[in-house]
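Below: one structure, written as structure tokens.
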2 protein chains.
Amino acid sequence: MKQDGRLARMIHVIVHMGLLDGRETSETIGRMLNTHPVVVRRTMGMLKASGIVGSESGRGGGWKLLRTLDQITVLDVQRALSETSLLPPGISGDHPACPVERATNAALIQAFARAEEVLSDRFSELSLSAIAAAALAGE
Amino acid sequence: MKQDGRLARMIHVIVHMGLLDGRETSETIGRMLNTHPVVVRRTMGMLKASGIVGSESGRGGGWKLLRTLDQITVLDVQRALSETSLLPPGISGDHPACPVERATNAALIQAFARAEEVLSDRFSELSLSAIAAAALAGE
DNA sequence: TTTTTCGCAACTTCAATTGTTACAAAAAAG
DNA sequence: CTTTTTTGTAACAATTGAAGTTGCGAAAAA
């Protein structure tokens with residue numbers, strides 16, 4: 001499948017919006033991401049459902065942050081974009097009753113769950129204001 | 001993209017072969033995994049290139065383990081199947097010069113690298129004999 | 001009423017694994 | 001030497017999920 005770049009793209013957008021502190025239209029954001037405005041609406045819609053951004057129709061409308069950057073973590077954005085596991089272990093379901101398959105899947109699931117915990121912990125302590133600061137510092 | 005189930009499938013196969021300690025044809029393994037023999041050859045070929053299994057053509061041929069289960073780790077199998085990163089961070093490349101995009105990508109890459117380290121460490125200490133033992137214990 | 005903008009449905013495109021067909025090569029059996 | 005079994009490989013269709021695109025409706029301001 002094509003790689004999922006939504007997390008990186010949405011963080012990029014939110015940090016820009018936080019730094020500019022203004023409204024942006026899907027058209028403007030689309031140019032920022034080199035993509036189609038409809039893709040922007042589709043993805044930003046998920047952030048809206050999680051209360052990270054709001055939108056307004058009509059002239060003068062667009063997207064607006066509902067929180068400041070230090071009130072948004074990478075984990076917030078990630079959760080808004082995906083209901084499923086962050087790291088799918090890629091288990092097999094060829095013979096559900098086979099004890100070897102079961103033990104294999106269990107071992108993989110457990111290993112991925114540990115790694116996911118590390119990733120989630122890091123994401124939860126990484127605020128978008130920290131990324132904004134790093135960008136301004138020119139790292 | 002479609003989910004990659006090769007790691008789980010190959011571990012499944014190797015554990016079975018280690019427990020039976022015999023040769024298996026692609027046909028037999030294909031039935032074990034509910035898949036086509038050509039898919040088996042394709043994937044097992046990667047394990048062969050890494051020296052985990054060997055193969056012989058012709059009548060009476062097939063696939064054979066070149067190491068015992070306690071000499072094969074999940075990491076060995078994973079590395080045999082993929083040259084690329086275990087956990088691709090899904091960065092964006094829309095505006096390579098934008099400092100916000102760069103800071104975002106850097107933060108994600110670092111976070112995923114930490115998680116990958118945890119996963120690799122676990123995989124390196126998880127031998128296929130441990131999975132075999134768990135399967136026999138009926139967990 | 002016109003213009004701007006989000007919202008949404010219905011495609012096409014794209015990348016990666018999986019599945020399938022066909023055929024060559026090797027090795028044992030007869 | 002021919003037949004049978006089995007790997008090896010090339011080529012292509014099927015599948016899955018994200019990304020891109022088109023078209024139209026709804027809302028809100030000018």
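Here the structure is a predicted model, which means the values were calculated and not measured. Every chain is numbered from 1 and lettered A, B, ... according to where its sequence line falls, protein lines coming before strand lines.
Residue R6(A) has a polar side-chain atom (N or O) positioned under 4.0 Å from OP1 or OP2 of dA19(D). Note on S55(B): a side-chain N or O is less than 4.0 Å away from OP1 or OP2 of dG8(D). Note on K48(B): every side-chain N or O is 4.0 Å or more away from OP1 and OP2 of dT7(D). Dashed line: the shortest gap from a side-chain N or O of S26(B) to OP1 or OP2 of dT7(D) is under 4.0 Å. In this model, the phosphate group of dG19(C) is approached by a side-chain N or O of T35(B) to a distance below 4.0 Å at OP1 or OP2. Side-chain N/O atoms of R41(B) include one lying less than 4.0 angstrom from OP1 or OP2 on dT7(D).
When the P atom of dA18(D) is taken as reference, atom CG of N34(A) falls 21 Å away, rounded to whole Å. The distance between atom CG of D94(A) and atom P of dT18(C), rounded to the nearest whole Å, is 10 Å. Rounded to a whole Å, the CD atom of E24(A) is 18 Å from the P atom of dT4(C). At whole-Å resolution of the value, CG in L33(B) and C1' in dG19(C) are 13 Å apart. For K64(B) and dA27(C), the NZ to P distance is 14 Å, given to the nearest whole Å. The nearest whole Å value for the distance from the NE2 atom in H36(A) to the C1' atom in dT22(D) is 7 Å. In this structure, R42(B) atom CZ and dT17(C) atom C1' are separated by 8 Å, rounded to whole Å. Between the P atom of dA30(D) and the CZ atom of R59(A) lies a distance of 7 Å, rounded to the nearest Å.
When distances are taken from the side chain of R9(B) to each of dT7(D), dA18(D), dT18(C), the shortest belongs to dT18(C). The V38(A) side chain lies nearest to dT21(D) when the options are dT21(D), dT17(C), dA27(D).
Around the CZ atom of R23(A), the shell of radius 6.0 Å holds more than 12 heavy atoms that belong to other residues, nucleotides or ligands.
Panel note: side chain S50(A), backbone L47(A); no donor-acceptor pair is recorded below 3.5 Å. Under the 3.5 Å distance criterion, the side-chain polar atoms of H95(A) are matched with a main-chain donor or acceptor of M32(B).
Sequence order on DNA chain D of the closest nucleotides to G60(A) and V39(A) puts V39(A) first from the 5' end.
One hydrophobic cluster holds both L75(A) and M10(A) under the rule that ILVMFWY side chains link at heavy-atom gaps under 4.5 Å.
For R23(B) against dT7(D), a side-chain-to-base donor-acceptor contact under 3.5 Å is absent.
Between F123(B) and T73(B), the shortest heavy-atom contact is O-CB, 3.6 Å.
As judged by a 4.0 angstrom heavy-atom cut-off over every strand, G5(B) is placed among residues touching the sugar-phosphate backbone only. Counting any heavy atom pair closer than 4.0 Å across all strands shown, E56(A) reaches sugar-phosphate atoms only and no base atom.
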